[in-house]
Amino acid sequence: LSCMLSSVPVLSWLPRYSLRDNAIGDLISGISVGIMHLPQGMAYALLAAVPPVFGLYSSFYPILIYFIFGSSKHISVGTYAVMSVMIGGVTERLAPDSNFMMYVNATNQSMVDVLARDTERVKVAAAVTFLSGLFQMLLGLVQFGFVVTYLSEPLVRGYTTGAAIHVIVSQLKYTFGISPKRHSGPFALIFTVIEVCYLVPETNIGTLVVSLVSIIGLIMVKELNTYLGKKLPVPIPVELLGIIIATVISWQVNLEGKYGVEVVGEIPSGLQPPVMPTASLFGQVIGDAFALSVVGYGIAISLGRIFALKYGYKVDSNQELIALGLSNSIGGVFQCFAISCSMSRTMVQESTGGKTQVASALSAMVILVIMLWIGALFEELPKAVLAAIIYVNLHGMMKQFMDIPTLWKSNKVDMLVWVATLILTVLFNPDIGLAASIAFSMLTVIFRTQLPKYSLLGQVPETDIYRPVEDYNQVNEIPGVVIFRSSATLYFANAEMYQDALAEKSGIDITKLISQKKKAEAKRLRKEKKEARKAKKDAKKNAQEWVRRRSDTEERDHSSLMLINHNYECLITSLTHSLSIHSSLLSLSLSLSLSVACVIENLESGGFFSEKVSKACLFSSIHDAVLHCQTDRATINKDDEVKHTNTHGHDTCTHTQTHSHYFTKTNRYFQTFGFVGFRCWLLAALF
C-alpha cells in the first residue's frame with residue numbers, strides 16, 4: 001500500500017483535501033493559469049514549428065497526468081519556451097520546407113505544401129516527446145534523480161539564458177514578416193542572424209507595426225500588474241486580453257488580406273485520437289530526446305524544490321522523473337510536444353492562492369473548454385502577436401544577465417561556468433550546448449580540487465580553537481609543531497601539488513628527507529655487511545689459531561674466547577644501534593586529526609596501517625593531536641640524550657656519535673613536521 005501511495009501521490013493527498021482551506025484559492029488560481037495557457041500554448045507551438053492547436057493539446061493531457069503522479073504542490077507544468085525551441089530544432093531539421101516544395105502550374109512557381117509539412121512535423125515532435133518521456137521514466141525507475149546534482153544553478157541559469165536567445169532569434173521571422181532559410185548545426189544562430197539582417201529590407205510593414213504595438217502594450221500592462229500587485233486580487237490577464245483584442249482587430253480590418261499579415265489559420269475543434277508515434281523516427285531523435293529529458297527534469301525539479309522549501313514539504317526527485325516521463329510519453333501518444341515547468345505560470349499559480357495540484361487540473365479544464373468550443377474564434381490571430389507574447393515572457397530570463405556581476409563578487413568560478421554555458425549554448429545550439437556545458441562544469445570541479453586553499457593553523461590563546469594564521473592576527477603558531485590544512489580531498493590529480501604546498505608552507509623538503517633516509521639506510525647496510533665479514537674473518541682466524549695452539553695454557557685459551565666474545569658484542573651493539581636509528585628515521589612525528597569513521601575503515605581495508613604507521617597517530621580533534629606531538633617531542637629529546645651517554649668502546653662510540661649526529665639533524669626536521677590535519681590521505685602521498 002505504501003509503495004502504491006508513493007508511486008501515485010494523488011491517492012495520498014486527495015482524500016485529505018480540505019475544501020474549506022484550499023478550494024477557493026485553487027479555483028481562482030486554476031482559472032488564472034488556464035487563461036495563461038491559451039496564449040502561451042499557441043505561442044510556444046510556433047517555437048516547436050507545429051500548428052498552434054497542438055500547443056493547446058500540450059497544455060491539457062500532460063497536466064492531467066502530472067496531477068496524478070507529481071509530488072510538487074505548486075509548479076505549473078505545460079509548454080515551456082526552452083523545451084519548445086529544442087523541439088523546433090528537431091522538427092525543422094527532420095522536416096524542412098525544402099522537402100515539401102510543390103510546383104503550381106497556375107503561377108509557374110514553387111511553394112511549400114504546408115499541410116503535408118505540418119503533418120510530418122507533428123509526427124517528429126510526438127516521436128521525440130514520447131522517447132524523452134521513456135528516458136525520464138527509465139531514469140526514475142533506476143533512482144537516477146540525483147543527476148540534477150550535476151546541474152548547478154549557474155549552469156541552469158546560463159543555459160536558460162542562452163536558450164532564450166535562440167527563442168528570440170527564432171521569432172524574428174514572425175516579427176518582420178520574412179522567410180529566412182533554416183540553418184542547423186553549430187553556429188546556426190549566427191548564420192540565422194546574418195540572414196535576417198540581409199532580409200530586413202523585405203520587412204512586411206504591417207507585421208512589424210502589429211509586433212511593435214503588441215510588445216509595447218504587453219510591457220505596459222505587465223508593469224501595471226507589478227505596480228498594483230498588492231492591490232489587485234488577481235493579475236490582469238494581459239496575454240488573454242492581447243490575443244482577444246488582436247483577433248478582433250485582425251478580423252475587422254482583414255490584416256491578412258490587406259496587409260499580408262500572417263495569421264494562425266484553421267484551429268480544429270475537439271480532441272485528437274491517440275496515435276502511436278512513428279518508431280522509425282526514434283533512431284534519428286534519440287540524442288535530442290535524452291537532452292530534452294534532462295533539461296525538462298532539471299528545470300522542473302529546481303522550481304519544485306524552491307517552493308517545497310518555502311512551504312515546508314518534500315519533493316521526491318525520482319517520482320518527479322516518473323511523473324514527467326509519464327506526462328511526456330502519454331502526451332506523445334496524443335500528439336503533444338515535450339513539456340516542463342514554467343516560472344511565470346508557477347508564480348501566478350502560487351500568488352493567486354493555489355495550494356495543491358487541483359489548481360493545475362482546473363487550468364486543464366479551462367483549456368478543454370477552449371479546445372471544444374472557443375478555439376476556432378482565434379483563427380484570425382496574427383502570429384506576430386504570439387511572437388510578442390514570447391518576447392515579453394522572456395524578460396525574466398534576460399534579467400539573468402545580472403547574475404554576472406553578482407557571481408563576479410561572490411564566486412568567479414561560478415561566473416565562469418555561467419558565461420561558458422551561455423556561449424556554448426548560443427554557439428552550438430541547446431542540445432549540444434547542454435552536453436558541452438555539463439562537461440565544462442565537471443572540469444571546473446576537477447580544477448577546484450587541484451587548486452584548493454592551503455593554510456597553516458595557529459592556536460587561539462588559552463583555547464583549543466585553531467584558525468589559519470594568514471586570516472586571523474590573534475592566533476599563535478605552536479613552537480615545534482606545524483598544523484597544515486587543505487580545503488580539498490587529496491587524490492592522484494592534486495597529490496604532487498599538495499606535497500609542494502606542504503613543503504612551501506612548512507619549510508620541509510619531504511623528497512629530500514626521504515632521499516636522505518634511503519641513503520642512510522644503504523650506508524647502514526653496507527657498514528653492517530662489512531663488519532659482519534670482518535667479524536667472520538676474525539672469528540675464523542681466531543678459531544684456527546686456537547686449534548693450532550690447543551696445547552697452550554687455559555689462560556691463553558680463555559683470553560681468545562674473551563676476544564671472540566668481545567668482537568661479537570661489538571657487532572651486536574652496532575646492529576642494535578643502527579636498527580634503532582633506522583626506526584627513528586621511519587617514525588616521523590606525524591599525527592592526524594580524523595573523526596570520519598568511513599575514511600578510517602577505508603585505510604584499514606587498504607592495508608595502510610602498520611607497526612610504523614599505526615592508529616596511534618589518529619586523533620578526534622586538532623588539540624588532542626597537538627598535545628600528543630608536544631609530549632612525543634619531549635620523550636624523543638629525552639631518549640636522544642640517553643643515547644649520547646651510552647658508549648661501548650672506541651669503535652662503537654664512534655659509530656654511535658656519527659649516527660646520533662645524523663639523527664639529531666634529521667630529527668630537527670621531523671619535530672618541525674609535527675601535525676598534519678584535515679585530510680587523511682597525506683600519509684599515503686608521503687609513502
Side-chain angles (χ1 to χ4, degrees), residues 1-14 58 61-78 80 82-83 86-87 90 125-152 155-156 274-279 281-308 313-341 357 360-361 431 434-435 438 442:
L1 179 63
S2 61
C3 180
M4 184 177 66
L5 292 178
S6 62
S7 301
V8 189
V10 70
L11 298 179
S12 63
W13 63 264
L14 189 59
S58 302
Y61 293 107
I63 294 176
L64 293 180
I65 303 301
Y66 186 84
F67 166 76
I68 298 173
F69 295 98
S71 61
S72 174
K73 299 178 182 179
H74 292 88
I75 65 173
S76 173
V77 298
Y80 183 59
V82 174
M83 303 286 288
M86 294 176 71
I87 291 284
V90 181
V128 70
T129 298
F130 179 81
L131 195 56
S132 71
L134 292 183
F135 276 128
Q136 288 174 327
M137 286 193 293
L138 180 62
L139 294 176
L141 291 174
V142 299
Q143 305 291 299
F144 205 66
F146 70 89
V147 71
V148 74
T149 306
Y150 299 100
L151 301 177
S152 64
L155 186 146
V156 172
V275 178
M276 284 303 297
T278 306
L281 294 171
F282 290 167
Q284 303 177 63
V285 300
I286 187 169
D288 304 282
F290 186 78
L292 281 167
S293 65
V294 173
V295 173
Y297 168 67
I299 293 169
I301 194 65
S302 298
L303 282 175
R305 286 180 173 176
I306 289 173
F307 287 98
Y313 63 92
K314 181 177 176 58
V315 173
D316 187 339
S317 57
N318 294 305
Q319 182 62 30
E320 285 296 291
L321 267 173
I322 295 174
L324 291 172
L326 287 170
S327 299
N328 280 322
S329 57
I330 295 176
V333 173
F334 287 94
Q335 300 178 336
C336 303
F337 54 86
I339 56 92
S340 186
C341 174
Q357 279 298 322
S360 295
D431 48 357
L434 176 64
I438 293 176
M442 293 296 99

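For the numbers below, each heavy atom of this structure counts, side chains included, while hydrogens, waters and symmetry mates do not.
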Working to the nearest 0.5 angstrom, can you tell me the gap between Ile68 CD1 and Ile63 CD1? 12.5 Å

Would you please name every residue forming a ring pair (Phe, Tyr, Trp, His ring centres under 6.0 Å) with Phe290, sequence neighbours left out? Phe135

Please name the pair of heavy atoms, one in Pro9 and one in Ser12, separated by the smallest distance, quoted to 0.1 Å. O-OG, 2.7 Å

Has Asn318 got a side-chain atom pairing as donor or acceptor with Leu141's backbone, closer than 3.5 angstrom? no

Just verifying a value: how many Å separate Leu138 CG and Leu321 CG, rounded to the nearest 0.5 Å? 10.0 Å

Report the C-alpha distance between Met86 and Asp288 in whole Å, list the side-chain angles of each, state the deciding distance to 0.1 Å, and finish with yes or no for side-chain contact (heavy atoms from CB on, under 4.5 Å). CA-CA 8 Å; Met86 294 176 71; Asp288 304 282; over 6 Å; no

Within the distance-only criterion (no hydrogens, no angle test), does the side chain of Glu320 pair as donor or acceptor with the backbone N or O of Ser71 below 3.5 angstrom? yes

Are Gln136 and Ser329 side-chain neighbours, meaning at least one heavy-atom pair lies under 4.5 Å? no

From Asp316 CG over to Ser72 OG, what is the distance, rounded to the nearest 0.5 angstrom? 11.5 Å

Specify the closest pair of heavy atoms between Ser132 and Ala289, including all atoms of both residues, with the distance to one decimal. CB-O, 3.3 Å

Using every non-hydrogen atom in the two residues, find where Ile75 and Tyr66 come nearest and quote the distance to one decimal. CD1-OH, 3.2 Å

Rounded to the nearest 0.5 angstrom, the CE-OG distance for Met137 and Ser327 is 10.0 Å

Is the shortest heavy-atom distance from the side chain of Trp13 to the side chain of Lys73 under 4.5 Å? no

At what distance, to the nearest 0.5 angstrom, does CD1 of Ile65 lie from CG of Asn328? 11.0 Å

Closest approach of Tyr313 and Phe307, non-hydrogen atoms and distance? CE2-O, 3.9 Å

Could you go through Ser58 and Phe337, starting from their C-alpha distance and side-chain angles, then the distance that decides it, and tell me whether this counts as side-chain contact (heavy atoms from CB on, under 4.5 Å)? CA-CA 6 Å; Ser58 302; Phe337 54 86; 3.4 Å; yes

Rounding to 0.5 Å, atoms CD1 (Ile306) and CD1 (Ile301) come to a distance of 10.5 Å

Under 4.5 Å between any side-chain heavy atoms of Leu324 and Ile339, yes or no? yes

Phe69 and Gln319: which non-hydrogen atoms are nearest, and at how many Å? O-NE2, 2.9 Å

For Ser340 and Ile299, the nearest pair of non-hydrogen atoms, with its separation, is OG-CB, 3.9 Å

